[in-house]
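These notes are about the structure you will find just below.
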Amino acid sequence: MSGAAIPSSLKLASFNINGIKARLPRLLEWLEETRPSVACLQEIKTQDEGFPAAEFEKIGYHAIWHGQKGFNGVAILADGEKPVEVQRGLAGEPEDEHSRYLEADVFGLRVVCIYLPNGNPQPGPKFDYKLRWMERLRARMAEIWAQEVPAAVLGDYNVIPRDNDIWDTRAMASDALMQPASRDAYARLLGAGWTDAIGLHHPQGGAWTFWDYQAGAWQRDHGFRIDHALLSPELADRLVASGVDKAHRGREKASDHAPVWVSLRA
DNA sequence: ATGCCGCGCTCCGCGCGA
């Protein structure tokens, strides 16, 4: 720990940035405008040595990251305190070299950043990998649960949990993101007590976090909700607000995802 | 039924994403 004081309230955010090099100006702008205490990033798409840590230091954020050449890659940034890494990658498949999981302690919380496999096309080996990865994640979340630490698992889950989390279920009916097996595995992640914070605050749906670059999806508001913040019971009790920074999806050179966030009482 | 758009990489089109 750096010795920085724990803030009186905590804002935890997640943002699939689709390339940290291409997105750096937009990402710095979002951090300065919304100032999350913790920001989980996915799809940084860079090797470790290319991670622009100095750019974040300049605006007061300390980071840890798990990169990979060309694809995937996750990072955890914190405002004024360096996250203390607990684990990178999930147990259970030693040959799996995808950089999709990073876990740290920061501000007295356990924070997990995930980039869950897409799984398309389904059926097929990529879908099988997705489901295996979800089971590996479930096993790790059970371990964290057993440690009884206040914990949040944020990221791109690549699962559309409910029919009202997409503009048109027919458009994606055969997609890996909303197959019954994907939804069942997501329900098992929630298990007996993790809270989908953004889903809780949007029971009628409509809280899209992704709009495809193609076919005018943004202009038509053809989106869906796949970026989630799961909270352990102690953090769910401290939940005061959540949201999607939708406007950032409409800017120049935007990611195809919008940032999501939860606000917690200290 | 496919591509649309955008990323990284080295390929000057392709794999990948959702």
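The chains referred to below are lettered A, B, ... by the order of the sequence lines, with proteins before strands, and numbering in each begins at 1. Please read these numbers as outputs of a predicted model, since none were measured by experiment.
Using the six-membered ring where Trp is involved, A:Trp65 and A:Phe51 have ring planes that are parallel, under 30° apart on the 30 and 60° scheme.
Taking atom NE2 of residue A:His257 and atom C1' of nucleotide B:dC7, one finds them 12 Å apart after rounding to whole Å. As rounded to whole Å, 16 Å separates atom P of B:dC4 from atom CZ of A:Arg220. The nearest whole Å value for the distance from the CG atom in A:Asn18 to the C1' atom in B:dG6 is 6 Å. In this structure, A:Asp212 atom CG and B:dC7 atom C1' are separated by 13 Å, rounded to whole Å. Protein atom CD of A:Gln214 is 9 Å distant from nucleotide atom C1' of B:dG17, rounded to whole Å. Summarising the geometry, the separation between CG on A:Asn16 and C1' on B:dG6 is reported as 12 Å, rounded to the nearest angstrom. Nucleotide B:dC16 holds its P atom 6 Å from the CZ atom of A:Phe71, rounded to whole Å. As rounded to whole Å, 12 Å separates atom P of B:dC16 from atom CD of A:Gln68.
Each of A:Pro121 and A:Tyr213 lies near DNA chain B, and the nucleotide nearest A:Tyr213 is the one positioned closer to the 5' end. The 5' end of DNA chain B is approached more closely, in terms of each residue's nearest nucleotide, by A:Gly70 than by the other of A:Arg100 and A:Gly70.
Taking side-chain N and O atoms only, A:Lys253 has a distance below 4.0 Å to OP1 or OP2 of B:dC7. Contact check, A:Lys126 against B:dG17: a side-chain N or O comes under 4.0 Å of OP1 or OP2. Neither OP1 nor OP2 of B:dA18 sits under 4.0 Å from any side-chain N or O of A:Asn120. The phosphate of B:dA18 has OP1 or OP2 within less than 4.0 Å of a side-chain N or O from A:Tyr115.
For the side chain to side chain contact (heavy atoms under 4.5 Å, CB included) test, residues two or more places apart in sequence or in another chain that qualify with A:Lys45 are A:Asn18, A:Glu43.
For B:dA18 and B:dC7, the P atoms lie 14 Å apart once the distance is rounded to whole Å. When the P atom is used for both B:dA1 and B:dC14, the distance is 23 Å, rounded to whole Å. Taking the P atoms as reference points, B:dT2 lies 22 Å from B:dG6, given to the whole Å. The C1' atoms of B:dT10 and B:dC16 are separated by 16 Å, rounded to the nearest whole Å.
Out of B:dC7, B:dA18, B:dG15, the shortest distance to the side chain of A:Phe224 is found at B:dA18.
The one candidate from A:Lys253, A:Arg251, A:Arg35, A:Arg23 that meets the salt bridge (Lys or Arg N to Asp or Glu O under 4.0 Å) condition with A:Glu29 is A:Arg251.
No N or O donor and acceptor, one from the side chain of A:Asp175 and one from the base of B:dA18, sit under 3.5 Å apart.
The two residues A:Trp261 and A:Val244 come nearest to each other via the heavy atoms NE1-N, 4.0 Å. Heavy-atom minimum distance, A:Leu116 versus A:Asn158: O-ND2, 2.7 Å.
Among the protein residues, A:Asp256 comes within range of no part of the nucleic acid, since none of its heavy atoms lies under 4.0 Å from any strand. Within 4.0 Å of A:Ala215, counting heavy atoms only, lies at least one base atom of the nucleic acid. A:Asn72 comes within 4.0 angstrom of no nucleic acid atom, judged by non-hydrogen atoms across all strands.
Residues A:Trp167 and A:Asp221 have side chains that never bring a donor and an acceptor to within less than 3.5 angstrom of each other.
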How is the base pairing of DNA chain B summarised as a dot-bracket string, given the Watson-Crick and G-U wobble criteria with both distances under 3.5 Å, [ ] for crossing and | for another strand? ....(((((...))))).
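Aromatic ring centres of A:His98 and A:Tyr129: separated by under 6.0 Å.
For A:Asp196 and A:Arg225, the salt-bridge test passes: some basic side-chain N is under 4.0 Å from an acidic carboxylate O.
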